[in-house]
Amino acid sequence: MDDLLDDDGPDPGPGNAPEFSVSEISGAVKKTVEGAFSLVRVRGEVGRLSRPRSGHIYLDLKDDRAVLAGVIWKGVAGRMATQPEEGMEVVATGRLTTFPGQSKYQMVIEEIRPAGVGALMAMLEKRRQALAAEGLFDEARKRPLPRLPEVIGVVTSPSGAVIRDILHRLRDRFPRKVLIWPVAVQGAKCAPEVAAAIRGFNALEAGGRIPRPDLIIVARGGGSLEDLWGFNEEVVVRAAAESAIPLISAVGHETDTTLIDHAADRRAPTPTAAAEMAVPVRLELLAWLETAGGRMSRAITQGVAARRQRLGDLSRGLPRLESVLDGPRQRLDGLADRLDPALRAATQAKRMELDRKAARLGPGLERAVGIKRVALGRAEAGLSVTRLKAQVARRREDLDRLGARMQVARLSERVVERRARLDAALVRLDAVARARLEQRRDRLDALERMRQTLGYTETLKRGYAVVRAGADVVTGKAEAERAGRLEIQFADGRLDVVAGARHRRGRSGGGDDEDQGSLF
Amino acid sequence: MSNETKIDEMSFEEAIRELEQVVNALDKGDVALEDSISLYERGAKLKARCEAKLKEAEEKVAQITLDADGQPNGAKPVEGL
């Protein structure tokens, strides 16, 4: 434009420089740009990238000097095999267009691919690490394959060598029911279809109209990294990891590794190998079964034989029954031999003793014994151990009861009581005895008094005297004369006198005597 | 080894796994005689079950048919593959 203005300045050519309105020039530019760049491939690094709610993707493609704005419309973005990521080296295919309202131009991207294997591998590695970090590839997640699946689900293209190879190998080994879920095995539709197929097989109900497979094979033949790219997509990897049905991946050739291989329960290097993993060889199994039958029979036979052998060995080790019994039997015989005479002798001795005693017994006693014997027999009949035991038990109970009642405290209490009673009785006895004694003494005194009263001594006090000649009492004169010597007893003493000297004596001694004497 | 009637309903997998156990147990020889006989009988039945399953070796290939939404709506037989 500058050139144009410059040209216009000094030498405004007459009419050879057409004049555009802004819209016109913008339209012209648009036409030129779109015409010249209707299909271009641009290589660059994905810069700033945004995914607004509209579903379109806005991104920058850049290299070290320039930036190109790009857009991927929603419809295209949905079916792109490779989703662009920031920092990814890509080759974008599309067309250039301008945006007249803002004096801008941009690239409308129809397809975007990683630029070269290196970029692709770098991205793949990044994704693998992310998914591995989630644990989707953990060994612990992997389930064993069924030994003999009834139904095998195969996710693959229904036409082509892959499904043929699988069926062929299955036929060789063990013909099975096979359900093919047709999918696109490359291109944009590949990943969503494969994921849907894996989920679809899992969603089938066991025993439903379409039989639910008990094994899934996801298979694809060899191809370029980009051809196999669908099997690297996250949606496929997640579907494989989540599959409840054991899954074999067989994608590409042995050297090709896709992310589904990490998530699968087993990875087969080829579709044929997948078929080999899926089913055993029928004939081999039949052979194994035969072997198993043989092993069982042999085990049983050997088991019986071994036991018989052991029985035999043990039997030989067992001593003969006779030899075991010989000793005791002999002892029994010996004892039996001795028992008979011993018994007889004992019986005889007892009988003799009995006879002797019986002879001493009177007939009456014999009868009494007879009666007692009968009674004894009866008692014996009634006497049983259990009854005895019961009685003993009863008595023991009584005893226990008495024992319980008999307490030391009560006993000593009783002793004290008895002793008190004894003391009281003794006191009473004492009193009574003393009373009796005094009574007797009183009587004795009375008698003594009476005796004294009745005696002559008292009479002496009244003036009488007793005359004795020696030991004899003199009661008369003649007697006294005859005696010569007399002894007179007065109340207050005795006096010897001579019968002849009575006169004098009487005068000098006492008037009484004289008076009395004279009286005589 | 619990229920004998179950053998007829066993999958090949279950039957052959138990058969292996039976054979190994018998091989070891530490099973009581009575048990080993009943074990043998059960083993024979398991073997018969496995053989029956092996004889059911019939190939049948079908392809899932999908409706417009990509949902399976049936399966059609596939010939000539």
Side-chain angles (χ1 to χ4, degrees), chain A residues 144 146-155 158-160 163-168 170-171 173-183 192-193 196-197 200-201 203-204 208-211 214 279-280 282-283 285-286 288-300 302-304 306-307, chain B residues 11-67 69-81:
Chain A
R147 179 136 34 172
L148 181 60
E150 292 288 322
V151 180
I152 302 169
V154 182
V155 177
S159 57
I163 187 65
R164 282 176 195 279
D165 288 350
I166 290 174
L167 290 176
H168 186 252
L170 285 178
R171 212 167 284 147
R173 293 170 68 86
F174 205 127
R176 295 279 76 185
K177 295 192 183 74
V178 176
L179 265 180
I180 303 166
W181 193 302
V183 291
E193 283 187 7
F201 271 143
L204 292 175
R209 195 165 52 90
I210 307 173
D214 32 28
V279 294
R282 195 169 73 96
L283 291 176
L285 272 180
L286 281 169
W288 185 88
L289 279 178
E290 280 314 307
T291 316
R295 276 169 72 192
M296 285 199 301
S297 303
R298 208 162 41 247
I300 282 288
Q302 282 174 356
V304 171
R307 283 175 174 89
Chain B
S11 69
F12 176 83
E13 187 84 21
E14 293 166 329
I16 200 165
R17 191 183 302 134
E18 195 182 325
L19 180 58
E20 278 173 348
Q21 290 169 358
V22 166
V23 171
N24 286 335
L26 285 174
D27 261 356
K28 270 207 233 161
D30 52 4
V31 187
L33 190 60
E34 286 81 359
D35 293 347
S36 71
I37 288 162
S38 57
L39 210 56
Y40 176 82
E41 285 167 351
R42 186 162 177 80
K45 284 180 187 153
L46 288 165
K47 178 174 173 255
R49 172 69 181 167
C50 289
E51 282 170 342
K53 292 302 272 183
L54 290 185
K55 282 179 185 130
E56 290 171 16
E58 181 195 6
E59 183 187 84
K60 218 166 165 187
V61 182
Q63 182 177 325
I64 300 272
T65 54
L66 301 170
D67 61 17
D69 299 326
Q71 294 300 310
N73 59 5
K76 61 176 185 195
V78 173
E79 303 288 340
L81 277 175

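Every value quoted in this text rests on a predicted model; they were computed, and no experiment measured them. Quick note on labels: first sequence line is chain A, next is B, and so on, each numbered from 1.
For A/I163, the part sitting under 4.5 Å from any heavy atom of chain B is the side chain, from C-beta outward, and nothing else. With a threshold of 4.5 angstrom between heavy atoms, A/R282 approaches chain B through its backbone and through its side chain. Proximity to chain A (any heavy atom under 4.5 Å) is shown, for B/A48, by neither the backbone nor the side chain. For a residue to count as touching a neighbouring chain, one of its non-hydrogen atoms must lie under 4.5 Å from one of that chain's; by this rule A/R176 touches chain B with backbone and side chain alike. At a 4.5 Å heavy-atom cutoff, the contact between A/I210 and chain B is made by side-chain atoms alone. In this structure, chain A has no heavy atom under 4.5 Å from any part of B/Q71. If you measure heavy-atom distances from B/Q63 to chain A, the contacts under 4.5 Å come from both the backbone and the side chain.
Using a 4.5 Å heavy-atom cutoff, the side chains of A/P158 and B/V78 are not in contact. Side-chain contact between A/L170 and B/E59 is absent, with no heavy atoms from C-beta onward closer than 4.5 Å.
Annotation for A/A299 and B/L26: closest pair CB-O, 3.4 Å, computed over non-hydrogen atoms. The shortest non-hydrogen separation linking B/E13 to A/L148 is OE1-N, 3.5 Å. When all heavy atoms are compared, the tightest approach of A/W181 to B/G70 is CZ2-O, 4.2 Å.
Ranking A/S297, A/A196, A/G293 against chain B, the residue ahead of the rest is A/S297, based on heavy-atom pairs under 4.5 Å. Highest contact tally toward chain B, considering only A/R295, A/R164, A/Q302, A/K177, is held by A/R295 [criterion: heavy-atom pairs under 4.5 Å]. Ranked by heavy-atom pairs under 4.5 Å with chain A, the first of B/L19, B/V31, B/V61 is B/V61. Between chain B and the options A/G153, A/P146, A/G303, A/P182, the largest number of non-hydrogen pairs under 4.5 Å is found for A/P182.
Legend: residues meeting side chain to side chain contact (heavy atoms under 4.5 Å, CB included) with B/K53, ordered by chain and number and at least two apart, are A/E150, B/F12, B/R49, B/E56.
In this structure, the separation between CE on A/M296 and CG on B/L46 is 7.5 Å, given to the nearest 0.5 Å. B/L54 CG to A/W288 CH2: the interatomic distance, rounded to the nearest 0.5 Å, is 10.5 Å. Rounding to the nearest 0.5 Å gives a distance of 8.5 Å between SG of B/C50 and CG of A/L285. Atom CD1 in B/I64 sits 4.5 Å away from atom CG in A/L179 (nearest 0.5 Å). Note that CZ of A/R147 is 10.5 Å distant from OG of B/S11, once rounded to the nearest 0.5 Å.
We find that A/E290 and B/K47 are joined by a salt bridge, their nearest charged nitrogen and carboxylate oxygen being less than 4.0 Å apart.
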